[in-house]
Amino acid sequence: MVLPLQGVVVLEFSQYLSGPSAGLRLADLGARVIKIERPEGGDPSRKLAIKNLWIGDDALNFHTINRNKESFTANLKDKDDFELVKKLIQKADVITHNFRPGVMERMGLSYEDVKKINEKIIYAEITGYGKEGPWSMKPGQDLLIQSISGLTYTTGNSDDDPMPFGLSVIDSICGIHAVQGILAALISRQKTGKGAYVELSLLESAIALQFELFTTWFLDNNSVKRSKVSNGNPLLGAPYGIYETKDGYIALAMMNIQTLRRALECAELDQFDQGDVFQKRDEIKAIIRDVLKHHTTDHWLSLLHKHHLWAAEVKDWKQLSQHEGYKVLGMEQEIRLQDHSIITTRCPIRIDGEKLYVNKPAPALGKDTEKIKNELA
């Protein structure tokens, strides 16, 4: 199929996760994404191994973020290499970078510098905390952003310590926001012929992700609190959360408390009505917690589903991968390298009913340098 971004050229000066995750999605949608990397070492995430897992010379996680891209090495302090990069900029549609403020400016590649080379360029810049203010030069790292932004007070129960997400959620959401900004700018350029400067920060993405929480807090500073029992969302009442059963765990979403009482055959819930689910949520949840421990997950699901209540078993990755509900999605794809192959996830977007599979691996450092030089010549 002809992918929507076919013909769009992206120069990725980005490293680690936020910028490269944006490049990954643009590549999945058909763009040609060229990583501009230092000859010595390249993107630092090549050597930042998760759980010390490696594929060849590079970390496994580098392959998950950078598949379907090309690698062009250039020493931007070298006059000849810099001229080659300028020629690439002339042919590019998009530039992305996620360096700290001032880095691209010192290299002569600020938006204003690049705009003189290619006035129609879409220039997307990701920082940690924005380019102004007392935090502008702080390291923009995911755990630090989660901690500063208040996000660590959304997970866990009220008596628990602050708890981060178990993945780099802010890097990923900022990458998604970057793609949205880039696509909007490309559409605008199609209409007006003008390029654009797209700015993002990890902190702004973290705050935007919590829009419901912040809006509620603005209205009432004391209204956003984790529940003491089975917290699932600080803004939602009982029974919303995850509970232990005799043989596992079960998730209960929003539901009518009296319908739940009938499903569980729990007389203790008779004293509550729907108006109590937030004001008395810990009391209600404690009753539900004690009841659910006495039977298996399947037992409770059969009763809850008979009453059309929203409930699900809690699965680990092995259990999920063995279920037909997972298999039918076709989320796995094989990436073939010279001496290895790995299984990773595909792009979650479908276009005209087609799933987007790409088996092109992440590039070795500088793999495409000579090819691209020949194209420029």
Side-chain angles (χ1 to χ4, degrees), residues 14-22 44-45 48-51 61 64-65 98 100-101 126-178 180 199-244 249-254 277-279 281-282 285-286 289 312 314-317:
S14 299
Q15 54 188 357
Y16 294 114
L17 179 54
S18 60
S21 68
S45 70
L48 187 67
I50 302 298
K51 293 197 69 176
N61 48 294
T64 66
I65 307 163
N98 60 347
R100 290 192 198 187
I126 297 173
T127 60
Y129 306 83
K131 298 174 69 174
E132 300 175 340
W135 292 346
S136 61
M137 299 308 294
K138 288 172 66 69
Q141 193 276 333
D142 194 280
L143 178 61
L144 307 185
I145 300 289
Q146 287 194 46
S147 301
I148 284 175
S149 70
L151 192 63
T152 55
Y153 285 100
T154 63
T155 304
N157 296 330
S158 63
D159 292 334
D160 292 335
D161 294 333
M163 187 178 299
F165 276 61
L167 72 166
S168 299
V169 63
I170 303 304
D171 279 327
S172 296
I173 197 69
C174 191
I176 292 169
H177 290 162
Q180 292 171 345
E199 294 182 80
L200 308 102
S201 76
L202 297 176
L203 182 56
E204 287 166 289
S205 285
I207 293 169
L209 179 64
Q210 302 173 78
F211 65 95
E212 292 176 300
L213 293 159
F214 271 87
T215 305
T216 305
W217 183 79
F218 293 148
L219 184 66
D220 179 355
N221 292 172
N222 295 314
S223 61
V224 182
K225 294 181 179 179
R226 298 178 291 180
S227 56
K228 290 185 178 181
V229 180
S230 299
N231 176 63
N233 184 318
L235 299 182
L236 295 179
Y240 198 93
I242 291 176
Y243 299 82
E244 186 177 3
Y249 294 88
I250 191 169
L252 304 182
M254 298 81 71
V277 297
F278 199 87
Q279 296 300 325
R281 69 177 177 182
D282 289 331
K285 283 185 169 188
R289 176 195 60 197
V314 177
K315 295 181 178 292
D316 60 24
W317 296 288

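Atoms considered below: every heavy atom in the structure, side chains included; atoms not considered: hydrogens, waters and symmetry mates. Starting from 1, each residue takes its place in the sequence as its number.
- For Ala178 against Ile126, the heavy-atom pair with the smallest separation is CB-CD1, 4.1 Å.
- In this structure, Asp171 CG and Asp142 CG are separated by 4.5 Å, a value rounded to the nearest 0.5 Å.
- The number of heavy atoms from other shown groups lying within 6.0 Å of NZ (Lys315) is above 12.
- By the 4.5 Å heavy-atom criterion applied to side chains, Thr154 and Phe165 are counted as neighbours.
- Shown are Leu144, Leu143, Ile145, Leu151; of these, the side chain to side chain contact (heavy atoms under 4.5 Å, CB included) with Ser147 is made only by Leu143.
- Between Ser158 and Asn231, every side-chain heavy-atom pair lies at or beyond the 4.5 Å cut-off.
- Between Val314 and Ala251, the closest heavy-atom pair is CG2-N, 4.0 Å.
- Inspection of the Ser227 and Lys285 side chains reveals an N or O donor paired with an N or O acceptor under 3.5 Å.
- For the pair Leu200 and His177, the minimum side-chain heavy-atom distance is below 4.5 Å.
- A 4.5 Å side-chain heavy-atom check between Leu252 and Tyr240 finds every atom pair outside the cut-off.
- Atom NZ of Lys131 is separated from atom OG of Ser201 by 12.0 Å, given to the nearest 0.5 angstrom.
- Partners of Trp135 according to the side chain to side chain contact (heavy atoms under 4.5 Å, CB included) rule, which considers only residues two or more places apart in sequence or in another chain, are Tyr129, Lys138, Ile148, Leu203.
- Residues Ile173 and Ser205 come closest through the heavy atom pair CG2-CB, 4.0 Å.
- Ser149 contributes atom OG, which lies 10.0 Å from atom CG of Leu213 (distance to the nearest 0.5 angstrom).
- The closest side-chain heavy-atom distance from Leu202 to Ser18 is below 4.5 Å.
- For the residue pair Ser230 and Ile242, the shortest heavy atom distance occurs at OG-O, 2.9 Å.
- In this structure, Gln15 and Ser45 have side chains that are not in contact, with every pair of non-hydrogen atoms separated by 4.5 Å or more.
- Residues Pro20 and Tyr16 approach most closely at CG-O, 3.3 Å, considering heavy atoms.
- Summarising the geometry, atom CG belonging to Asn233 is positioned 7.0 Å from atom CD belonging to Glu212; distances are rounded to the nearest 0.5 Å.
- Contact of the Asn157 side chain with the Arg226 side chain is not registered, since no non-hydrogen atoms from C-beta on lie closer than 4.5 Å.
- We find the CD-CG distance between Glu204 and Leu209 to be 13.5 Å, quoted to the nearest 0.5 Å.
- Annotation: the span from Arg281 atom CZ to Lys225 atom NZ amounts to 9.5 Å, rounded to 0.5 Å.
- Contact annotation: the side chain of Leu235 approaches that of Val224 to within less than 4.5 Å [non-hydrogen atoms, C-beta and beyond].
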